[in-house]
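Ligands are counted one by one from 1 in listed order, and the atoms in each one are counted from 1 as well.
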Amino acid sequence: MSLVDKAIESSLETQTESSIFSDASSSHVSESDVETLDQILGKLPIRLDTKKTKVLDIDLQTKDNKVARDPRLLRLTGSHPFNCEAPLTDLFNDGFITSSDLHFVRNHGPVPHVEDEGVLGWNFSVSGDVSSPFEMNIGAMIKEFPQYTNPITICCAGNRRKEQNQVKKGKGFNWGAAGVSTSLWTGCFLWDVIQRANPSKKARYLWMEGGDDPAKGAYGTCIPLHMVRDPERNIMLAYKQNGIYLEPDHGKPLRCVIPGVIGGRSVKWLKRLIVSEIPSDNWYHFYDNRVLPTMVTPEMAATQDHWWKDERYAIYDLNLQSITVFPENEERMIINDSTQNDLYKVKGFAYNGGGKRVGRVEVSLDSGKNWKLCNLNYPEDKFRDAGYIELFGGTINVCERMSCLCWCFWDIEIPKSEFKDSTGLVVRAMDISMTVQPRTMYWNVTSMLNNWWYRVAIQPGSSPDEIKFEHPTIANKPGGWMDRVKKDGGDILSNTWGERVIGGEEEERKEYVDEELQMILNPEKVNTIITKEELSQHENDEDPWFVVKGHVFTGTPFLEEHPGGAQSITMVAGDDATDDFMAIHSDNSKRMLQKFHIGKLEVSDDKKFVENTNKVIEKTATLLNPKIWKKIKLVEKEIISHDSRIFHFALEHEEQTTGLPVGKHFFIRSKDSNGTLVMRAYTPKSNHKLKGKLEVLVKIYFPKDGIPGGKMTTILESMSIGSEIEIKGPTGEFEYISNGNYTFNNKPGHVDSFFMIAGGSGITPCYQVIKEIVDQEEDNTKMKMFYGNRKEEDILCRKDLEDFIATKNSNLIVDHCLSDFHNVPKNWDGLTGRLNKLLWNQYIEEQKSYGEFLVLVCGPPGMVEGVKKLVAETGFDASRVVYF
Ligand SMILES: *[C@@H]1O[C@H](CO)[C@@H](O)[C@H](O)[C@H]1NC(C)=O
Ligand SMILES: *[C@@H]1O[C@H](CO)[C@@H](O)[C@H](O)[C@H]1NC(C)=O
Ligand SMILES: *[C@@H]1O[C@H](CO)[C@@H](O)[C@H](O)[C@H]1NC(C)=O
Ligand SMILES: *[C@@H]1O[C@H](CO)[C@@H](O)[C@H](O)[C@H]1NC(C)=O
Ligand SMILES: CC(=O)N[C@H]1CO[C@H](CO)[C@@H](O)[C@@H]1O
């Protein structure tokens with residue numbers, strides 16, 4: 001007889017006694033909705049060969065490239081680290097026990113990798129304020145301590161955070177309402193293990209540390225020791241979930257499972273247990289899992305450390321929560337003469353912290369004036385009633401405790417007619433200490449433990465008989481009533497949740513102002529409608545139009561002047577350029593767009609203007625496409641000096657080249673830690689003939705003296721190996737062909753010599769041209785470069801330049817110049833100071849003696865301005881200067 005059969009058999013034997021908790025309401029629950037214990041256990045264990053998980057493409061690019069995952073999971077922090085929740089309805093439909101595939105995941109970094117064979121040998125230690133510290137492995141733990149299997153709900157403290165972020169953005173990413181899951185965990189009672197080490201009487205906390213390695217060192221936190229001691233709390237050391245070894249995302253091979261407490265304390269990949277008189281000193285313990293007082297602003301939190309060090313604001317027990325699942329978001333209901341008396345079953349779940357039972361759940365269709373009592377179903381009681389059951393190598397011993405450590409389900413049938421004139425359905429729970437969920441949000445800077453009434457708004461549908469439901473927010477997607485109300489200028493936190501109340505007292509409404517949109521619109525053009533037909537006729541290089549935020553702009557008058565060159569405009573011709581435009585332009589540049597506004601694009605569902613990043617990747621011979629953002633993966637970060645790096649990226653396949661003409665550049669873009677898109681142009685160090693790879697030389701601008709660091713360089717610096725960045729191009733007005741032939745502003749030309757002026761990391765475009773000339777033996781174009789840096793150690797590619805000089809002899813001369821007089825080395829034989837008029841004139845005279853020449857300039861803004869001034873003052877022909 002299998003374990004499951006045995007479990008079911010023993011459960012049937014003991015099921016005759018009814019639960020002491022069976023209240024009147026539970027008899028109203030229709031049987032079809034409630035899983036029996038047989039059904040719950042019959043689904044388990046979920047066999048490996050029927051699992052839906054596999055290693056997904058998106059993870060192949062990251063350090064988690066061995067971790068199988070369910071594609072239904074919604075990623076909340078991009079591809080990596082992996083933080084996810086299931087779609088709310090899928091989570092609910094999975095039943096009382098959530099399969100490990102759909103269980104929410106909170107990771108701070110890459111997932112440690114342990115093979116099945118390594119599980120039993122995994123060591124962990126117990127030390128600190130104990131008289132007998134020890135280390136043991138999981139195999140010994142299983143043999144030497146009683147083993148238990150228990151259903152336990154784990155919930156992230158950030159569950160429903162997206163709602164708080166809608167009110168005001170705090171710290172932390174957007175969780176929907178499904179950051180909660182329940183599984184059967186197998187392992188030992190943590191106190192049994194701690195007790196063996198004989199903790200001191202003065203010990204108050206148990207620190208826990210994982211074997212992972214996120215940004216701030218191994219994740220660690222703590223839990224008050226009295227909770228560990230308490231059998232009603234049932235804190236476990238678990239090595240199995242739902243009958244099989246833990247999945248990597250859920251802590252393989254060993255984790256703490258701390259019921260009734262925020263999920264952040266259930267440390268995964270557990271390595272160390274430390275008994276102490278004081279709370280953990282781990283970075284994550286201080287700067288995570290706290291609810292700071294509501295008046296603490298993000299700015300105060302960022303600058304005043306004492307808020308984080310105050311143990312009073314650390315959160316342990318979860319708070320009371322109830323969430324509606326049905327009606328779903330965007331669900332529709334027809335209420336007419338023939339349907340109005342039909343019953344609709346509203347359904348959801350609830351949970352509470354500290355083992356306290358949810359005593360009642362109520363819903364209201366009139367904003368909380370009148371409440372209806374819902375049926376409540378506690379599947380955990382079925383385990384409680386069943387006595388001892390052996391399952392998965394442990395004993396189910398829920399019968400030994402009164403605490404409620406799992407979620408419960410509620411439902412109520414309501415005639416459809418009652419939804420007709422309602423503006424929304426709110427739900428609230430009350431626990432057995434009569435604590436009730438609050439009507440208003442307790443906004444806090446970490447946006448944790450958000451548990452105000454869960455409100456499903458009711459909106460008119462597409463016909464007079466139809467209504468439509470809206471949840472507050474949707475994980476990982478736009479939409480929901482909070483978003484709508486905000487755009488309508490409503491106050492989400494008002495008495496009516498910001499809704500317009502028909503026939504009611506009209507609240508004062510703020511005009512919703514999209515400030516960025518206002519900056520770019522010409523008030524005289526906002527009512528001119530441009531059809532898509534018209535727009536498509538301007539998908540060309542001569543008279544390019546483009547779209548930003550639903551409005552059409554002409555790029556034609558600006559083709560000449562645009563600092564990024566005509567190509568940065570023509571590459572978005574006929575397209576939606578919103579993201580790119582917003583990412584790169586300052587408020588001043590945004591205002592300049594007003595002049596080029598020609599009207600509003602007609603609205604329809606045409607998907608052409610939606611994101612162009614998701615197009616299918618074809619195996620093209622060259623990477624770059626001026627219209628499509630492609631993804632490339634970071635494979636190596638080479639540290640050149642304290643602030644210079646060469647980032648090595650892998651192209652889409654090994655035979656691919658970049659397709660970047662010599663002298664041109666590309667854009668890379670990515671989101672910063674605040675989710676704002678940042679985009680910058682770069683020229684690579686690697687050659688266009690190099691296959692499968694791209695090397696980008698970057699000087700990192702670190703934050704200093706209160707000045708923030710470079711936006712893009714900060715992103716690049718923090719990229720982990722295996723993560724991706726988007727690239728598009730080529731762009732630029734200048735292209736070097738060979739033997740002195742080039743094109744500039746689409747016109748061909750020929751030179752005998754180049755005079756290059758480079759500053760700092762601005763060497764890269766000049767470097768490209770030099771390398772091309774050096775590589776072609778017969779190319780005798782002369783090159784003179786003035787290369788300015790602050791200090792000698794800032795000089796980039798010095799060795800390469802020396803090798804080039806050795807190859808090309810007198811055809812390449814580099815004058816190094818240091819601008820920081822205080823740091824010129826004693827034996828320095830180069831120039832000092834900056835490029836001045838005297839030097840400029842000398843260089844120009846020398847160039848004239850070679851014949852035709854162009855000046856190529858690339859450097860920091862100050863240097864470029866300096867050159868522009870020299871050009872103007874000396875009356876030099878500006879059309880012969882290329883600014884990269
Ligand atoms: C666990 O500890 C034992 C004894 O110190 C050691 O021999 C063994 O290599 C350790 N196992 C692992 C996987 O590190
Ligand atoms: C009411 O709506 C249902 C569902 O759309 C439809 O089948 C039915 O014919 C409607 N009845 C009346 C009286 O309009
Ligand atoms: C993110 O936003 C905060 C608050 O607006 C700001 O202080 C911080 O500099 C931003 N970070 C980045 C990387 O832009
Ligand atoms: C350079 O351009 C000239 C015309 O300007 C042309 O005759 C010559 O073939 C070109 N050389 C190369 C190598 O492209
Ligand atoms: C401290 C803080 O930032 N509190 C905010 C809480 O949310 C309200 C409602 O939007 C803001 O007005 C407060 O500034």
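Annotation: side-chain contact (heavy atoms from CB on, under 4.5 Å) contacts of Glu466 (sequence neighbours excluded): Arg332, Ile334, Ser462, Ser463. Scored by the side-chain hydrogen bond (donor to acceptor under 3.5 Å, both in side chains) test, Tyr284 finds no partners at all (sequence neighbours excluded).
Counting only residues at least two apart or on different chains, the ring pair (Phe, Tyr, Trp, His ring centres under 6.0 Å) pairs with a member in residues 239-262 are His103-His250.
In this structure, Gln459 and Thr423 have side chains that are not in contact, with every pair of non-hydrogen atoms separated by 4.5 Å or more.
Checked by atom type, the side-chain pair Asp59/Asn65 shows no donor-acceptor distance below 3.5 Å. Counted by atom type alone, Asn198 and Ser132 present zero donor-acceptor pairs between their side chains at under 3.5 Å.
Classification of Glu499 and Arg484 as a salt-bridged pair holds, one side-chain N sitting under 4.0 Å from a carboxylate O.
The shortest N or O to N or O distance between Trp122 and ligand 1 is not under 3.5 Å.
Every atom of ligand 1 is numbered from 1 in the order shown, and the set under 4.0 Å from a heavy atom of Glu135 is 2 (O), 5 (O).
In this structure, ligand 2 sits under 4.0 Å from heavy atoms belonging to Ile334, Asn336, Ser338.
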